[in-house]
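Order of the sequence lines fixes the chain letters, A, B, ..., with proteins taken first and strands second; residue numbering starts at 1 for each chain. Just so it is clear, the model here is predicted, and its values are computed rather than measured.
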Number of protein chains: 2
Amino acid sequence: MQSQTAYVILGLLSIEGKQSGYDMRKTIQGSVGYFWGESYGQIYPMLRRLTAEGLIAQSGRGGKGRGGRREYSLTAAGHARLQEWLAVPYRMDPPRDEFLLKLFFGREAGPGVSVRHVREFQEKNRRVLATIEEIGRLGRERNARHPHFRFWMLTLEYGVAQIRAALEWSEEALKVLQQMESECRRGVEKKPRGPAKRRR
Amino acid sequence: MQSQTAYVILGLLSIEGKQSGYDMRKTIQGSVGYFWGESYGQIYPMLRRLTAEGLIAQSGRGGKGRGGRREYSLTAAGHARLQEWLAVPYRMDPPRDEFLLKLFFGREAGPGVSVRHVREFQEKNRRVLATIEEIGRLGRERNARHPHFRFWMLTLEYGVAQIRAALEWSEEALKVLQQMESECRRGVEKKPRGPAKRRR
DNA sequence: ACACACATGTAATTGGTTACATGATTTC
DNA sequence: GAAATCATGTAACCAATTACATGTGTGT
């Protein structure tokens, strides 16, 4: 299927014209960072592969041995390949959410533990929300007339909607869990061996 | 860090008492399936490892060579390990959303392509919503008094909230994209070589 | 001269999917 | 006894992170 990393790179180059591997990582973090990540360990080998396949090419200095900045840009073939990929239905990669997993098994550890997780969840989400909004602010300033702009805004708004929903849910979840916590405490007062809280 | 798969297995056994690898996969699909997946290729090797580490043990028939059902259950050590893991803050695994990626680069292919993706997105989400609601229905019928029940409901409600937000967003997104599509068409009428829509 | 950010790359390892091969049990 | 489904397992492969090693250019 050729790693998705390949297409992030092609896509990025289609927007930015030319970038180095280093640039790409930065750009990714500052634009799609909240829903996509790439590590250098993925990017550099992929740049080689894409060059070998003729989908991208180095602008300017050719080999130049080691060290030094190398910028790449899309070839016609690369551009075609990107468009092909865009037209293919996306596949959902199997979701894995450790937060929900821990919450699901939460009974095993008592509500207090889950309360901590949910609070952490709130904080993380608020931080991500701040990042997204910052990305949006920068984008609007600098790119409002860029032809890609409305597509970017759509992804941004999606992120915002998801996080808002998550935060609203988390308030309700906290209430439920705190309710359970206090039941648990009362239970323990009345009958110390009551609603087993620890030790199966 | 020892694969998360290990903890799904431990967690499952803590709830179900004893299960075979085969059971586990089924159970996972029918409970946490919408936010977690496991393949046999992960489960079986992990069952060996966990047995070797003494965190789970085979109930009943010991070796018995090959073939035949093998049920496992938690050992005291396994139970302790699960609780340890539950208490550790969860880590967010780097998100990767191919749908958003294709939408982000959507300009490259024209709004029509994105419209298709968003429609597909709606359908997928509606299907997942149906599954979640089915899981919820079954859960309420069979487990409403189970001590884990309220934790399960929390994860379920989270899923529902996320999907509802996604669907609401998708309606707005469609409007925007369709607006772009019609602009695009009008543009093309006026100047046939205009906002390149297809064929690089 | 030194520090620091910029920049590229590789090796080791893990995590995971997929496809395949095979055996056991039930049901007709 | 054939078919279906229950059940276990392995091998090949791919994707990805992490830690490490190294080099370059700029400012002080």
Kindly list each side-chain donor-acceptor pair under 3.5 angstrom involving residues 135-144 of chain A, sequence neighbours excluded, with atom names and distances?
from: A:Arg137; atom 1: NE; to: A:Glu134; atom 2: OE1; distance (Å): 3.2
from: A:Arg137; atom 1: NH1; to: A:Glu141; atom 2: OE2; distance (Å): 2.8
from: A:Arg137; atom 1: NH2; to: A:Glu134; atom 2: OE1; distance (Å): 3.4
from: A:Arg137; atom 1: NH2; to: A:Glu134; atom 2: OE2; distance (Å): 3.1

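- Taking atom CG of residue A:Asp93 and atom P of nucleotide D:dC14, one finds them 18 Å apart after rounding to whole Å.
- Rounded to whole Å, the distance from CG on B:Leu47 to P on D:dA7 is 14 Å.
- Rounded to whole Å, atom P of C:dT14 lies 17 Å from atom CD of A:Gln42.
- The shortest distance between the side-chain N/O atoms of A:Arg69 and the OP1/OP2 oxygens of D:dG23 is not below 4.0 Å.
- One hydrophobic cluster, built from ILVMFWY side chains closer than 4.5 Å, cannot hold both A:Leu100 and B:Val88; they sit in different ones.
- Going from atom OH of B:Tyr7 over to atom P of C:dG16 covers 13 Å, rounded to whole Å.
- Geometrically, B:Lys124 engages A:Tyr90 in a cation-pi contact, judged by NZ or CZ lying under 6.0 Å from the ring centre and within 45° of the ring axis.
- In this structure, B:Arg126 does not pair ionically with B:Glu123, as no charged nitrogen and carboxylate oxygen lie closer than 4.0 Å.
- Here the side chain of B:Arg96 is nearest to one of D:dT17, C:dT8, D:dA16, namely D:dA16.
- Using a cutoff of 4.0 Å between basic side-chain nitrogens and carboxylate oxygens, A:Lys102 and A:Glu120 are not scored as salt-bridged.
- Regarding B:Met46, its CE atom lies at a distance of 16 Å from the C1' atom of D:dT10, rounded to whole Å.
- Residues B:Arg48 and B:Pro94 both approach DNA chain D. Their nearest nucleotides, taken by heavy-atom distance, put B:Arg48 toward the 5′ side.
- A cation-pi contact links A:Arg25 to A:Tyr40, judged by a cut-off of 6.0 Å to the six-membered ring centre and 45° from its axis.
- Note on B:Ser3: every side-chain N or O is 4.0 Å or more away from OP1 and OP2 of C:dT14.
- Among the heavy atoms of the strands lying under 4.0 Å from B:Gly41 is at least one base atom, whether or not backbone atoms are also near.
- If you measure from atom CZ of A:Arg70 to atom C1' of C:dC6, you get 15 Å, rounded to the nearest angstrom.
- Nearest nucleotide to the B:Tyr72 side chain, out of D:dG9, C:dG9, C:dA7: D:dG9.
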Please list, one pair per line, the donor and acceptor atoms closer than 3.5 Å that link side chains of residues 154-167 of chain B to other protein atoms, with sequence neighbours excluded.
from: B:Thr155; atom 1: OG1; to: B:Tyr34; atom 2: OH; distance (Å): 3.4
from: B:Thr155; atom 1: OG1; to: B:Trp152; atom 2: O; distance (Å): 2.8
from: B:Gln162; atom 1: NE2; to: A:Gln162; atom 2: O; distance (Å): 3.1

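- Taking side-chain N and O atoms only, A:Thr5 has no distance below 4.0 Å to OP1 or OP2 of D:dA15.
- Straight-line distance from the OH atom of A:Tyr44 to the P atom of C:dA7: 8 Å, rounded to whole Å.
- Where B:Ser20 and A:Arg49 each meet DNA chain D at their nearest nucleotide, the meeting point lying more 5' is that of B:Ser20.
- Distances shown here put every side-chain N or O of A:Tyr22 at or beyond 4.0 Å from the OP1 or OP2 atom of C:dT8.
- Using a 4.0 Å cut-off on heavy atoms, the residues of residues 23-39 of chain B that approach DNA chain C are B:Ser39, listed by number.
- Straight-line distance from the OH atom of B:Tyr40 to the C1' atom of C:dG23: 15 Å, rounded to whole Å.
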